[in-house]
Protein chains: 2
Amino acid sequence: MKEGPDIAQIGALIGDPARANMLAALTGGRALTATELAGVGGITVQTASTHLAKLEAGGLLTQRKQGRHRYFTLADEAVARLIESMMGFAAGRGHLRHQPGPKEPALRKARICYDHLAGDYGVRMLDSLIASGSIDAVGDGLALTEKGEGDLKCIGINVGDLRSSRRPLCRSCLDWSERRAHLAGSLGKALLSSFLDKGWARRTAESRSILFSPEGDRQFLKLFPVDP
Amino acid sequence: MKEGPDIAQIGALIGDPARANMLAALTGGRALTATELAGVGGITVQTASTHLAKLEAGGLLTQRKQGRHRYFTLADEAVARLIESMMGFAAGRGHLRHQPGPKEPALRKARICYDHLAGDYGVRMLDSLIASGSIDAVGDGLALTEKGEGDLKCIGINVGDLRSSRRPLCRSCLDWSERRAHLAGSLGKALLSSFLDKGWARRTAESRSILFSPEGDRQFLKLFPVDP
DNA sequence: TTCATAGTTCGATCGTAACCGAAGCATCGC
DNA sequence: GCGATGCTTCGGTTACGATCGAACTATGAA
């Protein structure tokens, strides 16, 4: 009754389908304009505007105006984690939006989760890093090993730079499609960035899925093998 | 729009103040009757009944009828984690139910979080276990060491028994009042149970707070010291 | 059997919030 | 300056859901 923080407010914010859709879309990590968000929410811009104002007042979103556009993003990583964790929970209970099935196979294979790689490929990458001794997994926590730091340098990722940020280097994030952990944190972000930079993969316009090129696919599978 | 699980449903379930209050109360871990839950929700039994039916249909609650009572509990630990994580999130944004202040000091000192100890004492216990080398912390994951297993046996906790359950032994759980981790999982549960069994502490009737006796307080602080 | 307690179902009321059309600002391109 | 585009604010409609009184079912006690 009177004890503790107020869950109901944020629950209600997420509880509206239009808002939930917008938040889910923003989990894709890229900033979206009010009009785009109205599209994903299936509502008019006027309605979207009031929704966005509420979400911002609730601290879930921030906006950045740029010219005559307003770009909305999730307020911070904590929001992204909350949304993803709710997705995981919902998926586990069968609260799927439109029934099961290998829906959107591209999305299950590889997609972006705020700023890092998720889906089948995300899970595979973490599994492989653990198997090769680059990352230590204890319970549900992750830590980079010295070997891992060396290996990463070989593929052009300087871990020292990443450590300077306040953000944790490794963090595990639960995947709603695979129901297994994948790598988040600044290292997860750096790895995905490097794949994009190398041209191995690219983001798609309207979806959260990540498309690997044939060559990128080959390189990725070679770099992150899984033993049979 | 069409991709992924449906967050809005569970958001809406949690989004109603009466339901949120009931869920928060059930985070206390003990089963409550419909009438009791109506009390904490501040509504009549009829209304509570429909709310409870919705929560059950949504997979958040289960009920067990016993005589003419119906006891409701959270469906499983995942629900408890979801609620606690939302509380942590809400607390971080200042979404407090009734303004700040050292509200309910007893609750901040020690309270139950589903089935384990949270609050100041919960955080202290985990800190101490890590400092003494009983638990390894890697990232945000926890693992019991051999030394820890021995130490626990000395205070009457047989870790072997706990391992048999499918539930993870150690798990870290984020505290909304302290904003730091405390120990959950079957070990967290076992530790709290042992404190209650020993008579060091007892649960209170209507609140989630845990009251330590003077003697229990002394023993607890001696058992889990923190270096200055 | 009858009465009391616990809970659900029904029906009706009421408030709130989602929604859109239209109008109002702001910014850009010209 | 002008019109076009992106977004917000206003006003009014509508629909859904939370709420409770009252009636109904189930269990237990006497």
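Order of the sequence lines sets the chain letters (A, B, ...), proteins ahead of strands, with each chain counted from 1. All values reported here derive from a predicted model rather than from experimental measurement.
Residues B/Ser49 and A/Thr50 each lie close to DNA chain C; by heavy-atom proximity, the contact nearer the 5' end of the strand is made by B/Ser49.
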Short heteroatom pairs, N/O only, protein and nucleotides 22-30 of chain D, under 3.5 Å:
residue, atom, partner, partner atom, Å
D/dT27, OP1, B/Lys65, NZ, 3.4

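The CG-C1' distance, from B/Leu52 to D/dA18, rounds to 14 Å in whole Å. In this structure, the CG atom of A/Leu37 is 17 Å from the C1' atom of C/dA18, given to the nearest Å. Atoms NE2 (B/His51) and P (C/dT9) sit 15 Å apart, rounded to a whole Å. The NZ atom of B/Lys54 sits 9 Å away from the C1' atom of D/dC16 (whole-angstrom rounding). Atom CG in A/Asn21 sits roughly 14 Å away from atom C1' in C/dA18 (whole-Å rounding). The separation between B/Ile14 atom CD1 and D/dA18 atom C1' is 18 Å, rounded to whole Å. Atom CG of B/Leu13 and atom P of D/dA18 are 9 Å apart (whole Å).
One finds the OH atom of A/Tyr114 at 14.0 Å from the CZ atom of A/Arg30 (value rounded to the nearest 0.5 Å). Atom CZ of residue A/Phe224 and atom CD of residue A/Gln219 lie 11.0 Å apart, to the nearest 0.5 angstrom. In this structure, A/Leu26 CG and A/Arg208 CZ are separated by 10.0 Å, a value rounded to the nearest 0.5 Å.
Between the side chains of B/Glu215 and B/Ser213, no donor-acceptor pair of N or O atoms lies under 3.5 Å.
Among the nucleotides D/dT19, D/dT9, C/dC19, the one closest to the side chain of A/Ile43 is C/dC19. Listed nucleotides: D/dC20, D/dA18, C/dC19. Nearest to the side chain of B/Thr44: D/dC20. The side chain of B/Asp16 lies closest to D/dA18, out of D/dA18, C/dT8, D/dT8.
Distances shown here put every side-chain N or O of A/Thr47 at or beyond 4.0 Å from the OP1 or OP2 atom of C/dA18. Phosphate proximity of D/dT5 to A/His69: absent, as no side-chain N or O sits under 4.0 Å from OP1 or OP2.
Summarising the local packing, CZ of A/Arg167 is surrounded by more than 12 heavy atoms from other residues, nucleotides or ligands at distances under 6.0 Å.
Aromatic ring pairs are classed by plane angle as parallel below 30°, tilted from 30° to 60° and perpendicular above 60°; the pair A/Phe212 and A/Phe195 is tilted.
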Taking it one step at a time, do A/Leu187 and A/Leu142 satisfy side chain to side chain contact (heavy atoms under 4.5 Å, CB included)?
CA-CA 11 Å; A/Leu187 182 56; A/Leu142 304 174; over 6 Å; no
